[in-house]
Amino acid sequence: MKINPNTLDAYNLLHEGTLAFADAEQVGFRVDVEYVERKKKFLTKKILHLEDKFKDSKLYKHWEHSTTNKINIHSHEQLSHFLYKVKKIKIEKRTATEKGSTDNDALSQMNIPELDILIRAQKLKKVRDTYLEAFAKEQVNGVIHPFFNLHLPRSFRSSSNSPNFQNVPIRDEESKLLTRKALFPRKDHQFLELDYSGLEVRIAACYHKDPNMLKYIRDGYDFHADMTKEIFMINDFDKSIPEHKVLRDATKNGFVFPEFYGSYYKNCAIGLACEWGKLGQGKWREGEGISMPEGTLADHFINNNITSLKKFENHLREIEKSFWEDRFSHYARWKERWWNLYKKKGYVDLFTGFRCSGVMGKNDVINYPIQGAAFHCLLWSFIQLNKIFKEGKWKSRLIGQIHDSILIDLHPSELKRAIKLIKRVTCVDLKEAWSWINVPLDVDIELSPIDGSWADKEKYYLAN
DNA sequence: GGAACTCGCCAC
DNA sequence: AAACGTGGCGAGTTCC
């Protein structure tokens, strides 16, 4: 399969985008090298301690006696053999090659306390070896220059490497602090991050024009909350209750987005129940799962007569049915039309002048045009802002981008002007340049204190 | 000693 | 009929 610029505008977008990214790469951002070294040592100590603790356990002794080979406790292959062949634990989750999985969820489900030590050690190793180590390795005179690529992703999004700027932890608080506290703007500057809210959902709506979806977007209504109420059977949903917020995140990332990307109720049910809800695969027992305002998730489900994964699956099947047949029927019909169009012509075109052709599956045909065009909106904004900053001799600079957000190394004196400019370029100028955008666009803005780290960014509320 | 593969995990 | 889209990267392992 291939995706090519099919118009001069499309070509120019990539050309100018590449040049704008080169500007950002040149600036880069500062790494607190001393902090990185300190935290690496700190983590090494912690990891060693956890490893010792694990090796003192009964489980490890058993493992030792079961083999004559030298054991590496971080080898998933060896661990898999021990758990599934020696201890004969029933395989609940399999890898892509059908072998017994040893990922976090699989290990958690076994309810073996020693494995929690291993999970914890693996998490700290990830932070140390993937992020802190990369920052230390890639920095030159205390500055890293992550690359941004436009020629690699099939969907015509972007990628980043050396180091990868686009996957620094943010959801897990501990990992977030350990990594992002190492990254700073230039001296006396601060980070400003702008984020298109719901960009892909909005760009999808430009293709399918589903009236219900357009209404949700135009009214700024929280439809993830609606879905949360349905899936978890909560009538008094309140986003400010932490437990409810967790369920909303689960709904958004474990049902709504997967459904948009082409997943279906069975996979969503497993993900929601096991990975998000921390429930088992079979019948649920009281006291199981993440906590709710009253009791646990299993308690809540059992009260509502959903007593097992199987029953939850049926529940989700009904929700999926109404999701596509009632709530977003126009969206569903567009998917079919779009797929048929591809089968007839052998290609589909993006709004932005790119063409996808060659062998694609149904999900690809539906996803690439949406993801690609959504990213092109970000790219267009990136190019314009970069141009204005440079030509206007601003002290601020664009330094990075993560698909629907842009990171700016801001000089504090330019804050007000910058925000005004950002709002205009991203939400007004873009729509004027590309008339196919028939939905309102909106950006959220986050700001870190002057000389604050990337971990210190906070939502910025415009004073009226 | 390096390429290629698998698995796992981080982001959107 | 099929069944979550896009990446980068580290560790372990096997093959050449």
Side-chain angles (χ1 to χ4, degrees), chain A residues 1 3 69-81 93-107 118-119 121-134 137-138 146-172 175-176 178-180 195-201 204 252-272 275 317 320 335-336 339 343 356 360-372 374-375 378 400-406:
Chain A
M1 150 310 161
I3 171 165
N69 298 331
K70 189 162 165 32
I71 295 177
N72 177 347
I73 60 172
H74 298 299
S75 160
H76 290 284
E77 196 170 279
Q78 291 180 33
L79 183 61
S80 176
H81 182 267
K93 187 173 179 183
R94 291 177 184 277
T95 69
T97 53
E98 294 295 308
K99 284 178 273 192
S101 169
T102 54
D103 71 9
N104 192 328
D105 294 309
L107 298 185
L118 216 48
I119 291 169
Q122 282 165 0
K123 177 184 155 183
L124 299 183
K125 266 169 73 73
K126 173 84 180 169
V127 169
R128 185 191 61 181
D129 300 337
T130 303
Y131 299 104
L132 297 183
E133 187 60 47
K137 197 174 78 187
E138 296 292 343
F147 291 97
F148 295 97
N149 314 298
L150 288 174
H151 61 301
L152 296 174
R154 289 188 283 184
S155 61
F156 258 102
R157 273 192 180 181
S158 65
S159 71
S160 167
N161 66 290
S162 304
N164 183 347
F165 169 79
Q166 297 178 323
N167 72 345
V168 182
I170 189 163
R171 291 180 198 172
D172 180 272
S175 304
K176 168 188 160 180
L178 283 165
T179 52
R180 295 191 175 219
D195 198 306
Y196 271 108
S197 41
L199 184 62
E200 280 189 6
V201 169
K252 181 178 160 188
N253 296 308
F255 180 77
V256 176
F257 285 155
E259 286 283 344
F260 286 160
Y261 287 144
S263 187
Y264 78 125
Y265 71 93
K266 274 194 186 187
N267 284 344
C268 294
I270 292 175
L272 281 176
E275 288 169 39
R317 191 181 62 219
E320 179 185 80
K335 284 187 175 191
E336 293 310 314
W339 174 230
K343 284 193 289 192
C356 308
M360 289 182 278
K362 185 174 175 182
N363 287 344
D364 302 330
V365 168
I366 288 156
N367 285 321
Y368 293 156
I370 295 171
Q371 292 187 345
F375 173 70
L378 192 282
Q401 151 278 133
I402 315 179
H403 310 307
D404 62 0
S405 70
I406 292 173

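Chain identifiers are assigned alphabetically (A, B, ...) following the order of the sequence lines, protein sequences preceding nucleic acid strands; residue numbering begins at 1 within each chain.
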Asker: Just checking A:F147: does its CZ atom have more than 12 heavy atoms from other residues, nucleotides or ligands closer to it than 6.0 angstrom?
Answerer: no
Asker: Side chain of A:N161 only, heavy atoms from C-beta on: which candidate in C:dG8, B:dC9, C:dT6 is closest?
Answerer: C:dG8
Asker: Within the structure, does a side-chain N or O atom of A:Y368 lie under 4.0 Å from either OP1 or OP2 of C:dT6?
Answerer: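 Affirmative; the distance criterion is met.
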Asker: Select one nucleotide: of B:dC7, C:dG8, B:dC12, the one nearest the side-chain heavy atoms of A:N164.
Answerer: C:dG8
Asker: Once you round it to whole Å, what is the distance between C1' of C:dC4 and CG of A:L272?
Answerer: 13 Å
Asker: A:S405 near the nucleic acid: base, sugar-phosphate alone, or nothing, with a heavy-atom cut-off under 4.0 Å?
Answerer: nothing
Asker: Would you mind reading off the distance between A:L124 atom CG and B:dC9 atom C1', rounded to a whole angstrom?
Answerer: 14 Å
Asker: Mind checking if A:L152 touches a base, just sugar-phosphate, or nothing, with heavy atoms under 4.0 Å?
Answerer: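 It contacts sugar-phosphate atoms only.
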Asker: Measure from the side-chain heavy atoms of A:P169 and tell me the nearest of B:dG8, B:dA11, C:dG7.
Answerer: B:dA11
Asker: Are side-chain heavy atoms of A:N167 and A:Y131 found at a separation under 4.5 Å?
Answerer: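 In short, these two side chains touch, coming nearer than 4.5 Å.
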Asker: On a heavy-atom basis, which atom in A:T179 and which in A:L132 lie closest, and how many Å separate them?
Answerer: CA-CD2, 4.3 Å
Asker: Quick check: do A:Y261 and A:N363 have side-chain heavy atoms less than 4.5 Å from each other?
Answerer: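 A side-chain contact under 4.5 Å is absent here.
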Asker: Evaluate A:I402 against A:F165 for side chain to side chain contact (heavy atoms under 4.5 Å, CB included), listing each step before the verdict.
Answerer: CA-CA 8 Å; A:I402 315 179; A:F165 169 79; 3.7 Å; yes
Asker: Between atom NZ in A:K137 and atom C1' in C:dG8, what is the gap in whole Å?
Answerer: 12 Å
Asker: I need the residues from residues 257-265 of chain A with at least one non-hydrogen atom less than 4.0 Å from DNA chain B; give them sorted by number, or say none.
Answerer: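 Going residue by residue through residues 257-265 of chain A, none turns out to have a heavy atom under 4.0 Å of DNA chain B.
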Asker: Just the table, please: protein N/O against nucleotides 1-4 of chain B N/O, every pair under 3.5 Å.
Answerer:
none

Asker: Below 4.0 angstrom from OP1 or OP2 of C:dG10, is there any side-chain N or O of A:T130?
Answerer: no
Asker: For C:dC4, does either OP1 or OP2 sit under 4.0 Å from a side-chain N or O belonging to A:N267?
Answerer: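 So the side-chain polar atoms of A:N267 do come within 4.0 Å of the phosphate oxygens OP1 or OP2 of C:dC4, strictly under.
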Asker: At 4.0 Å (heavy atoms only), tell me whether A:N167 reaches a base, stays on the sugar-phosphate, or touches nothing.
Answerer: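 Base, at least one base atom sits under 4.0 Å.
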Asker: Tell me what A:I170 touches on the nucleic acid: a base, only sugar-phosphate, or nothing, going by heavy atoms under 4.0 Å.
Answerer: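 If one applies the 4.0 Å heavy-atom cut-off, A:I170 turns out to touch the sugar-phosphate alone, with no base involved.
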Asker: Minimum heavy-atom separation for A:S158 to A:Q166, with atom names?
Answerer: OG-NE2, 3.2 Å
Asker: Hey, are the side chains of A:E200 and A:F260 touching, using non-hydrogen atoms and a 4.5 Å cut-off?
Answerer: no
Asker: Could you check if a side-chain atom of A:H76 sits within less than 4.5 angstrom of a side-chain atom of A:Q122, using non-hydrogen atoms only?
Answerer: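 A side-chain contact under 4.5 Å exists here.
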Asker: Regarding A:S175 and A:D172, is there a side-chain donor-to-acceptor distance under 3.5 Å anywhere?
Answerer: yes
Asker: Reckon A:S175 touches a base, only the sugar-phosphate, or nothing at all at heavy-atom distances under 4.0 Å?
Answerer: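 The answer is nothing, as A:S175 stays clear of every strand by at least 4.0 Å.
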Asker: Base, sugar-phosphate, or nothing for A:S158, non-hydrogen atoms under 4.0 angstrom?
Answerer: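 Contact class for A:S158: none.
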Asker: It should be established whether A:S159 places a side-chain nitrogen or oxygen under 4.0 Å from OP1 or OP2 of nucleotide C:dG8.
Answerer: yes
Asker: Nearest whole Å is fine: how far is B:dC7 C1' from A:L118 CG?
Answerer: 15 Å
Asker: Rounded to whole angstroms, how far apart are CD1 on A:I406 and P on B:dA11?
Answerer: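 Rounding to the nearest Å, CD1 of A:I406 and P of B:dA11 are 21 Å apart.
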Asker: Search all heavy atoms of A:Q78 against all heavy atoms of A:K70 and return the closest pair with its distance.
Answerer: OE1-O, 3.6 Å
Asker: When you measure only distances, ignoring hydrogens and angles, does the side chain of A:R171 come within 3.5 Å of the base of B:dC10 through a donor and an acceptor?
Answerer: no
Asker: Give one of base, sugar-phosphate or nothing for A:S101, where a contact means two heavy atoms less than 4.0 Å apart.
Answerer: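 Sugar-phosphate contact only - A:S101 comes under 4.0 Å of backbone atoms but never of a base.
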Asker: May I have the distance from A:R180 (atom CZ) to B:dC10 (atom P), rounded to whole angstrom?
Answerer: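 Result: 13 Å.
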Asker: May I have the distance from A:R157 (atom CZ) to C:dC4 (atom C1'), rounded to whole angstrom?
Answerer: 12 Å
Asker: Could you tell me whether A:K362 and A:E336 make a salt bridge, using a distance below 4.0 angstrom between a side-chain N and a carboxylate O?
Answerer: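 A:E336 and A:K362: salt-bridged.
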Asker: Search all heavy atoms of A:S263 against all heavy atoms of A:C268 and return the closest pair with its distance.
Answerer: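 Scanning both residues completely, I find the closest heavy atoms to be OG-SG, 4.0 Å.
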Asker: Let me have a per-nucleotide readout for nucleotides 11-16 of chain C, 5' to 3', with B, S or -, counting only protein heavy atoms under 4.0 Å.
Answerer: SSSS--
Asker: Check whether any side-chain heavy atom of A:L79 sits under 4.5 Å from a side-chain heavy atom of A:L118, and report yes or no.
Answerer: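 They are in side-chain contact.
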Asker: Looking at A:K99, does any N or O in its side chain come under 4.0 Å of the phosphate oxygens OP1/OP2 on B:dC7?
Answerer: yes
Asker: A:E275 has an atom CD; how far is it from atom P of B:dG8, in whole Å?
Answerer: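 Spelled out: CD on A:E275 to P on B:dG8 is 12 Å.
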Asker: Checking only heavy atoms, does the side chain of A:K126 share a donor-acceptor pair with the base of B:dC10 at less than 3.5 Å?
Answerer: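 Such a pair does not exist between side chain and base.
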Asker: Do A:K266 and A:R317 have side chains that get closer than 4.5 Å, going by heavy atoms?
Answerer: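 When only atoms from C-beta onward are counted, A:R317 and A:K266 do not touch, as no gap falls below 4.5 Å.
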